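First the structure, in the form of structure tokens, and then the observations on it.
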Amino acid sequence: MNTTPQVLVRRPVWAAWPTVSPRWLGALAVLMFAMTIPMTRLANGSVEAPQLPPLFVAVGRGAIAGLLAMAYLWAVRAARPAKAQWPLLAGVVLGAVLIFPLCMGWAVRVVPAAHAAVIVGLLPMCTAALASWWLGQRPGLAFWLAGAVGSTLVLMFALGVARAHGADHWVSADAWLVVAMLGASLAYVAGAALSRQMPAAQAISWALVAALPVTLPTAAWSWPTEAVSWQAWGAFAYVAVISTWLGFFAWYAALARDPMRVSQLQLMQPFTSIALSVLVLQEAVDASTWLVAGAVLLVVIWGQHAARREMKQ
């Protein structure tokens, strides 16, 4: 007779995620991330009507998320990362916790959220290119052609908008957005690699905790001294809890399983952000924006089908 006690292990909610299609997880994450730029704009305000300091929003979101992540890791009794995993964690910290929020935050003080969303729309191609090298993925020509067409559409749209509005003074802001995009790409691929070695929720959580020695004191130092609206504080809470922490639970889990096809889903994110910018910020968006959004959506579908066919061969 077996006298070994049976231990009942409760499976957390995210343990069921491997049974969910990575494309559905990726789509959920894209929807959560699509609010990041409009909410950051709402939290920061504009040059004419400032709200929270951009530096505080950028590091404060990491500090709040880091404290939540610390509590989560303690609650699940997560094992400490192995020595070999720290370079990947450093990539997540550098890209997602520091470079992206800092550069994007400074940029949206200058340019509208809809414009910023279009520039960051180049992220899927950058992520796919880095993932193909780092994670050993080798998609076929059709996949890359779809990504190139989608990225070209996004770039042409951004240039057309800038030309139509005579926005030459936005060039420096656009440069910051490009750097932000590169930082996000680094964080996505490093996080996807890390999520193959530990649960996705723990991957982003350990990165946020590792960044606390930087984010927490910097947030305290840059704490706003002027009164700001409750809407700005609400937007800050969103980017801290959802954009910086919970959104990555689904995103890293999806990227770890299917990085090439999931990264293509982000071609829809800038246009989702544009729609949300209209609803949340009442920004004016012309009909050409929706035409380009439809064209990019078709390109995403094309890329998805191409990748699926190539995987079956």
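Quick caveat, the model's predicted, so the values are computed rather than measured. Hydrogens, waters and symmetry mates play no part in the numbers below; they use all other heavy atoms, side chains included.
Side-chain atoms of Leu212 and Met70, non-hydrogen and from C-beta on, do get closer than 4.5 Å to each other. Residues Met32 and Leu28 are in side-chain contact: their nearest non-hydrogen atoms beyond the backbone lie under 4.5 Å apart. Side-chain contact between Gln269 and Val120: absent, with no pair of heavy atoms (C-beta onward) separated by less than 4.5 Å. Counting heavy atoms from C-beta outward, Ser195 and Phe248 have side chains that stay 4.5 Å or more apart. Residues Ser205 and Phe249 have side chains in contact (heavy-atom distance under 4.5 Å, counting atoms from C-beta outward). Side-chain contact check for Val214 versus Val93: every heavy-atom pair is 4.5 Å or farther apart. Two residues are said to be in side-chain contact when any heavy atoms from C-beta on lie closer than 4.5 Å; Ile99 and Leu182 fail this criterion.
Nearest heavy-atom pair, Val97 versus Gly62, reported as atom, atom and distance to 0.1 Å: CG1-CA, 4.4 Å.
A search for side chain to side chain contact (heavy atoms under 4.5 Å, CB included) contacts involving Ala113 returns Ile37, Arg41, Ser277, Leu281, Glu283, not counting sequence neighbours. For the side chain to side chain contact (heavy atoms under 4.5 Å, CB included) test, residues two or more places apart in sequence or in another chain that qualify with Ala29 are Phe33, Ala250, Trp251. With sequence neighbours excluded, the residues satisfying side-chain hydrogen bond (donor to acceptor under 3.5 Å, both in side chains) with Tyr188 are Gln266. A search for side-chain hydrogen bond (donor to acceptor under 3.5 Å, both in side chains) contacts involving Ser185 returns nothing, not counting sequence neighbours. For Pro22, the side chain to side chain contact (heavy atoms under 4.5 Å, CB included) test picks out Ala254, Arg257, Asp258, Val262, with sequence neighbours left out. Partners of Trp206 under the ring pair (Phe, Tyr, Trp, His ring centres under 6.0 Å) rule, at least two apart in sequence or in another chain, do not exist in this structure. With sequence neighbours left out, the side-chain hydrogen bond (donor to acceptor under 3.5 Å, both in side chains) criterion links Gln85 to Gln197. Taking Ser243 as the reference, Thr36 meet the side-chain hydrogen bond (donor to acceptor under 3.5 Å, both in side chains) condition, with sequence neighbours excluded. Qualifying side chain to side chain contact (heavy atoms under 4.5 Å, CB included) partners for Leu145, counting only residues two or more places apart in sequence or in other chains: Val149, Trp302.
Rounded to the nearest 0.5 Å, atoms CG (Leu208) and CD1 (Ile64) are 11.5 Å apart.
Within the structure, no pair that satisfies the ring-ring contact (aromatic ring centres under 6.0 Å, His included) test touches residues 83-114, not counting sequence neighbours. Applying the side chain to side chain donor-acceptor pair (under 3.5 Å) definition to pairs two or more places apart or across chains, none involves residues 208-227. Among residue pairs with one or both ends in residues 45-65, those qualifying as side chain to side chain donor-acceptor pair (under 3.5 Å) are Ser46-Glu48, Gln51-Ser229, Arg61-Thr244; sequence neighbours excluded.
The cluster map of Ile, Leu, Val, Met, Phe, Trp and Tyr, joined by side-chain heavy atoms under 4.5 Å apart, puts Ile242 and Phe56 in the same cluster.
Remark: the backbone N or O of Arg109 is not paired with any side-chain donor or acceptor of Asn44 at under 3.5 angstrom.
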